[in-house]
Amino acid sequence: MPASRPEAFPLHEDRPFLSEREWTCLRLICHTGDSIADCDPAELTDATANQIDAHRAGQLVATARMARLPGLGSWMARLLVEAGVHENELTELSADALLARVNAQAGYPICNAATVAALALLQASWRQARARAH
């Protein structure tokens, strides 16, 4: 019987990253999940009358921005942000270092070697796209 191969975490998968309360606050000020990426966290906090605090607003904006990267969905973007990863680190640090932070934050191994390899491929594509743009 062939050995089973561990699958990679679905890096591309989108999942809701807003709570119901956050979603309601943002809808009231005419923001959707995608438009959050264009916001300034401090302005978002002010616009929601501090219903979304500055730290959380920063997390929401960073998650939405990361989720715009080709191949990276909101689920992994949220995990990366919660692990303290900044958008510029996605291409500066190794996939192994980034996902080790996600695993450390979670307290258990969410990301395996297959996930590290998949993220490394995404990083290479982001670096190539950035090089072509310059």
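No experiment lies behind these values; they were computed from the predicted model shown. Both backbone and side-chain heavy atoms feed into the values below; hydrogens, waters and symmetry mates do not. This chain uses plain numbering: 1 for the first residue, then up along the sequence.
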K.L.:
Taking all atoms of both residues into account, what is the closest heavy-atom pair of T48 and C25, and its distance?
P.N.:
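Minimum heavy-atom separation between T48 and C25: CG2-CB, 4.2 Å.
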
K.L.:
Can you see which heavy atom on A67 is nearest to which on A77, and at what distance?
P.N.:
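A67 and A77 have their closest heavy atoms at N-CB, 3.9 Å.
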
K.L.:
Is the shortest side-chain heavy-atom distance between R68 and D38 below 4.5 Å?
P.N.:
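Yes - at least one pair of side-chain heavy atoms lies under 4.5 Å apart.
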
K.L.:
Measuring from L99:CG to F9:CZ, what's the distance to the nearest 0.5 Å?
P.N.:
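These two atoms lie 9.5 Å from each other.
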
K.L.:
At what distance, to the nearest 0.5 angstrom, does NE2 of H31 lie from CD1 of I52?
P.N.:
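Here the interatomic distance stands at 9.5 Å.
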
K.L.:
Group every Ile, Leu, Val, Met, Phe, Trp and Tyr by side-chain heavy-atom contacts under 4.5 Å, then state whether L18 and V81 land in the same group.
P.N.:
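Cluster IDs for L18 and V81 differ.
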
K.L.:
Return the minimal non-hydrogen interatomic distance between V61 and C39, and the atom names on each side.
P.N.:
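Looking at all heavy atoms of both residues, the closest pair is CG1-O, 3.5 Å.
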
K.L.:
First locate atom CZ of R101, then atom CD of E82, and finally report the distance between them rounded to the nearest 0.5 Å.
P.N.:
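One gets 13.5 Å once the value is rounded to the nearest 0.5 Å.
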
K.L.:
Out of curiosity, W126 CH2 to L69 CG, how far, rounded to the nearest 0.5 Å?
P.N.:
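One finds 5.0 Å between CH2 of W126 and CG of L69.
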
K.L.:
Minimum heavy-atom separation for L119 and L11, please, with both atom names.
P.N.:
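In this case the closest contact between L119 and L11 is N-CD1, 3.5 Å.
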
K.L.:
Shortest non-hydrogen contact from L122 to P70?
P.N.:
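For L122 and P70, the tightest heavy-atom pair comes out as CD2-O, 3.6 Å.
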
K.L.:
Is there side-chain contact between R15 and R78, with at least one heavy-atom pair below 4.5 Å?
P.N.:
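Side-chain contact under 4.5 Å: no.
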
K.L.:
Out of R127, R130, Q123, which one pairs with T91 under the side-chain hydrogen bond (donor to acceptor under 3.5 Å, both in side chains) rule?
P.N.:
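Looking at R127, R130, Q123, the match for T91 under the side-chain hydrogen bond (donor to acceptor under 3.5 Å, both in side chains) is R130.
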
K.L.:
For residues L44 and I29, determine if any side-chain heavy atom of one lies less than 4.5 Å from a side-chain heavy atom of the other.
P.N.:
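When only atoms from C-beta onward are counted, I29 and L44 do touch, with a gap below 4.5 Å.
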
K.L.:
Any heavy-atom pair between the side chains of M66 and L72 that's under 4.5 Å?
P.N.:
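When only atoms from C-beta onward are counted, M66 and L72 do touch, with a gap below 4.5 Å.
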
K.L.:
Grab the two heavy atoms, one from T45 and one from A57, that are nearest each other, plus how far apart they are.
P.N.:
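Nearest pair, atom of T45 first, then A57: OG1-CB, 3.4 Å.
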
K.L.:
Side-chain heavy atoms nearer than 4.5 Å, only ILVMFWY residues, links allowed to pass through others: does that put L80 and F17 together?
P.N.:
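Not linked; separate clusters.
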
K.L.:
CZ of R27: more than 12 outside heavy atoms within 6.0 angstrom?
P.N.:
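12 or below, so no.
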
K.L.:
Kindly compute the distance separating CG (D96) from CG (N103), expressed to the nearest 0.5 Å.
P.N.:
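The CG atom of N103 is 9.5 Å from CG of D96, to the nearest 0.5 Å.
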
K.L.:
Looking at side-chain heavy atoms only, is the closest gap between V85 and L93 below 4.5 Å?
P.N.:
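Side chain of V85 against side chain of L93, heavy atoms only: no contact under 4.5 Å found.
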
K.L.:
Quick one: are T63 and I36 in side-chain contact, heavy atoms under 4.5 Å?
P.N.:
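No, side chains not in contact.
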
K.L.:
How far apart are the C-alpha atoms of N112 and T115, what are their side-chain angles, what is the distance that settles it, and do they pass the side chain to side chain donor-acceptor pair (under 3.5 Å) test?
P.N.:
CA-CA 5 Å; N112 58 20; T115 307; 3.0 Å; yes

